[in-house]
Structures are given as structure tokens and as C-alpha cells.
J.: 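Here you go, one structure.
Computed from a predicted model, the values in this text were never measured in an experiment.
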Amino acid sequence: MDKLVPHPRFRGLPPRPQLQLTEQEVRQSYWRYGNAHIFPQTALRADLSVQRYAVFPRPYYVDMLKTCVDCARAFIFYAREQRYWYETLGFYIDVDCVRCVECRHKQHAAKRHMDRYAELQARDAPSRKEMMYFVDDCIFLFQQGKLKNLSHLGRIKKRCLAADS
């Protein structure tokens, strides 16, 4: 457990148990808990009135040990984090957390770069500052393996040089 990816908001000791549920009660309450590595002592009661679910609501949230699909490190998907996802952000209850918080931050950064790259690429006459952002985004996306076509990068370089003159 010492090799867990730390979470900036939910790390530390779990809250004192609010519910006294057995492991079997928790596992039977929601289909995804069936074979997951769960910590029943961390159970929090869910507010079913604000959950978005297709078929079955989730009556409890419990800390779950998961493995990140990107970096393969272990992390805890905290019950408090689940409550935030499903009750505050309005995610569908069957959406699962598959990335640790660090890899989620990297994924969000890549999406921001890709969105800005697409927006700036479509502009006819970007400003000098926008061209600098465009180049930064190209470099980031190339390093991440999102941009692979070198001739496309060459056209971007020519466009930047032409805008600079």
C-alpha cells in the first residue's frame, strides 16, 4: 500500500466510519463491487435523488483499490471522490475511474493542448502570441505522440516563419 499514487485532495486517513456495513452488504449493493478490491469500512451513503443512473443506483460509495490503465500504478478511488463525481459533477453512475489522478491531469493537459491546437490551426491570421501558443502546442503534442506526420509539422513551421516576417 506504500506505492499508491497520492491524491492531492483525498489522501490521508479515511474518514471515521459513518455506516456499519458488512463486506457482503456492500458487495451486493452495486454490481461493480462484486470482484473489486473494496474497503467496506469507508462506506458513505449515497444521495440517490441526484445520481444519474441507467438501471441501478449505487446506494453506497466505498474506497476502491484500482490500477491505472496508463502507468499501471495502484491508486485509491476514494468514496468521497466518487460522491463528488456522481452527485456534484453529475457523471453517470456506471462511469468508472481507470486513471490515477496524475494520469488524469496529464490527459486533461493533452486535451487542452489539442483543443487549442485545433482552434489555432483553423485561424487565418493568428497573432504573434497565438502563434507562440500554436508552436508550444505542436511541440507538446509531438512529444506526446499525438502529432506524428513530419510533413504536417514542416507546413506548420513554414506558416510560423511566414507569420514572423
J.: Is there side-chain contact between L21 and Y60, with at least one heavy-atom pair below 4.5 Å?
T.: yes
J.: Is there a continuous path of hydrophobic side-chain contacts, each under 4.5 Å between heavy atoms, that joins M132 to L147?
T.: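 Per the 4.5 Å side-chain linkage, M132 and L147 are not co-clustered.
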J.: Less than 4.5 Å apart, side chain to side chain, heavy atoms only: is that true for V98 and C68?
T.: no
J.: Nearest 0.5 Å, what's the CE-SG distance between M131 and C138?
T.: 8.5 Å
J.: Could you check whether any side-chain N or O of T88 sits under 3.5 Å from a backbone N or O of W85, counting only pairs where one atom can act as donor and the other as acceptor?
T.: no
J.: Under 6.0 Å between ring centres: does that hold for F134 and Y117?
T.: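 Yes, the ring of F134 comes within the 6.0 Å limit of the ring of Y117, centre to centre.
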J.: Check whether R52 reaches the backbone of F91 with its side chain - one donor and one acceptor, N or O, closer than 3.5 Å.
T.: no
J.: Just how far is it from atom NE2 of H113 to atom CZ of F140, taken to the nearest 0.5 Å?
T.: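 Result: 4.5 Å between the selected atoms.
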J.: Distance from D137 atom CG to R112 atom CZ, nearest 0.5 Å?
T.: 11.0 Å
J.: According to the interplanar angle, ranging from 0 to 90°, do the rings of H108 and H105 count as parallel (below 30°), tilted (30 to 60°) or perpendicular (above 60°)?
T.: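 Plane angle over 60°, so perpendicular.
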J.: Any Lys/Arg nitrogen of K106 or E102 sitting under 4.0 Å from an Asp/Glu carboxylate oxygen of the other?
T.: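 A salt bridge is absent here (no side-chain N lies under 4.0 Å from a carboxylate O).
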J.: Is Y92 linked to L89 within one hydrophobic cluster, defined over Ile, Leu, Val, Met, Phe, Trp and Tyr using a side-chain heavy-atom separation of less than 4.5 Å?
T.: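 They do share one cluster, since a chain of ILVMFWY contacts under 4.5 Å joins Y92 to L89.
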J.: Please tell me whether Y86 and D94 have a donor and an acceptor in their side chains that are separated by less than 3.5 angstrom.
T.: no
J.: Taking side chain as C-beta onward, heavy atoms only, is L65 less than 4.5 Å from I76?
T.: yes
J.: Show the nearest heavy-atom pair for residues A46 and Q51, with the distance to one decimal.
T.: CB-NE2, 3.2 Å
J.: Could you tell me the separation between the CZ atom of R80 and the CG atom of L44, rounded to the nearest 0.5 Å?
T.: 8.0 Å
J.: Report yes or no: is the cationic atom of R58 (NZ for Lys, CZ for Arg) under 6.0 Å from the centre of the six-membered ring of Y30, at an angle within 45° of the ring normal?
T.: yes
J.: Taking the side chain from E130 and the backbone from S127, do they hold a donor-acceptor pair closer than 3.5 Å?
T.: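 Side chain of E130 to backbone of S127, a donor-acceptor pair under 3.5 Å: yes, one is there.
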J.: Between D47 and S49, is there a donor-acceptor pair closer than 3.5 Å when you use the side chain of the first and the backbone of the second?
T.: yes
J.: Has the side chain of Q82 got a donor or acceptor atom that lies under 3.5 Å from a matching backbone atom of F77?
T.: yes
J.: Show the nearest heavy-atom pair for residues D63 and A79, with the distance to one decimal.
T.: OD1-N, 2.7 Å
J.: Report yes or no: do F56 and V26 belong to one cluster of Ile/Leu/Val/Met/Phe/Trp/Tyr joined by side chain heavy-atom distances under 4.5 Å?
T.: no
J.: When you measure from the side chain of Y78 to the backbone N and O of R83, does any donor-acceptor pair fall under 3.5 Å?
T.: no
J.: Above 12 or not: heavy atoms from other molecules or residues under 6.0 Å from CZ of R32?
T.: yes
J.: Would a single hydrophobic cluster contain both V55 and W31, if residues Ile, Leu, Val, Met, Phe, Trp and Tyr are joined by side-chain heavy-atom contacts under 4.5 Å?
T.: no
J.: State yes or no: do V135 and M114 share one hydrophobic cluster built from I, L, V, M, F, W and Y residues joined by side-chain heavy-atom distances below 4.5 Å, directly or via other members?
T.: no
J.: Distance check, rounded to the nearest 0.5 Å: L120 atom CG versus K129 atom NZ?
T.: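 Output value for this atom pair is 11.5 Å.
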J.: Can you check whether I38 reaches Y33 side chain to side chain, under 4.5 Å on heavy atoms?
T.: yes
J.: Give the C-alpha distance, both sets of side-chain angles, the deciding distance and a yes or no for side-chain contact (heavy atoms from CB on, under 4.5 Å) between F75 and V101.
T.: CA-CA 8 Å; F75 69 98; V101 71; over 6 Å; no
J.: Where do D96 and K66 land on the side-chain contact (heavy atoms from CB on, under 4.5 Å) test, with the steps shown first?
T.: CA-CA 10 Å; D96 192 20; K66 316 273 286 169; 2.8 Å; yes
J.: Check for a donor-acceptor pair, side chain of R104 on one end and backbone N or O of R99 on the other, with a separation under 3.5 Å.
T.: yes
J.: Could you tell me whether the side chains of Y61 and E87 share a donor-acceptor contact shorter than 3.5 Å?
T.: yes
J.: Which pair of heavy atoms, one from L48 and one from P57, lies closest together, and at what distance?
T.: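 Closest approach of L48 to P57: CD2-CB, 3.6 Å.
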J.: What distance do R116 atom CZ and K111 atom NZ have between them, rounded to the nearest 0.5 Å?
T.: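 Reported to 0.5 Å precision, the distance equals 13.0 Å.
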J.: Any heavy-atom pair between the side chains of T42 and F39 that's under 4.5 Å?
T.: yes
